[in-house]
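Here's the structure, in C-alpha cells; my notes come after.
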Amino acid sequence: MGRPDDEHLVDLAAQLERDDPRFARALGSGRPARPREYRRTGAWGTLAVAVLLLISGMALPEGILVAAGLVLAGIAVPLFDPHRDEPHR
C-alpha cells in the first residue's frame, strides 16, 4: 500500500531543501526566486569578459587577446544550458 500524500509532500520538500536551499527559502516566504538551474549570472559575466577581450584584441592588433576571448566565449556558452549537469541519454 502506498504512503499518504502528506508523506510524499514532506519528502519532496526535504529533497528540494537539499537540492536548492535558496529556492526553497524563497518559495516558503512567498517570493519565489529562480531555481539554480536557471541562474545565469556567471555565464553572462563570463560572456561579457570574452566579448571585451575580443573587441580589445581587434582594436589593438593583439592576437593573444583575440585567442583568449574566443577561448573564454567557448567556456561561457555551455554555461547557458540549464540541463548541463544531467547525463545525456
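Basis for what follows: all heavy atoms, side chains included, without hydrogens, waters or symmetry-related copies.
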Checklist entry - Is there side-chain contact between Arg25 and Pro21, with heavy atoms separated by less than 4.5 Å? => result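 Yes, at least one pair of side-chain atoms sits under 4.5 Å.
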Sequence neighbours excluded and cut-off under 3.5 Å, please list the side-chain donor-acceptor pairs for residues 70-80, or say none.
none

Next on the checklist: Who clusters with Leu12? Use side-chain heavy atoms, under 4.5 angstrom, across I, L, V, M, F, W and Y, and order the result by chain and number.
Outcome noted: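 Members alongside Leu12: none; it stands by itself.
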Checklist entry - Can you list every pair that meets ring pair (Phe, Tyr, Trp, His ring centres under 6.0 Å) and has a residue in residues 57-79, with sequence neighbours left out? => result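 Passing the test, one end in residues 57-79: no pairs.
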Item to check | Any pair counted as ring pair (Phe, Tyr, Trp, His ring centres under 6.0 Å), so long as it reaches residues 52-79, sequence neighbours left out | outcome: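 The answer is none; no pair qualifies.
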Would you mind writing out the side-chain donor-acceptor pairs for residues 57-67 within the sub-3.5 Å range, not counting sequence neighbours?
none

Could you pull out all donor-acceptor pairs under 3.5 Å where a side-chain atom in residues 46-54 meets a protein atom, sequence neighbours excluded?
from	atom 1	to	atom 2	distance (Å)
Thr46	OG1	Gly42	O	2.7

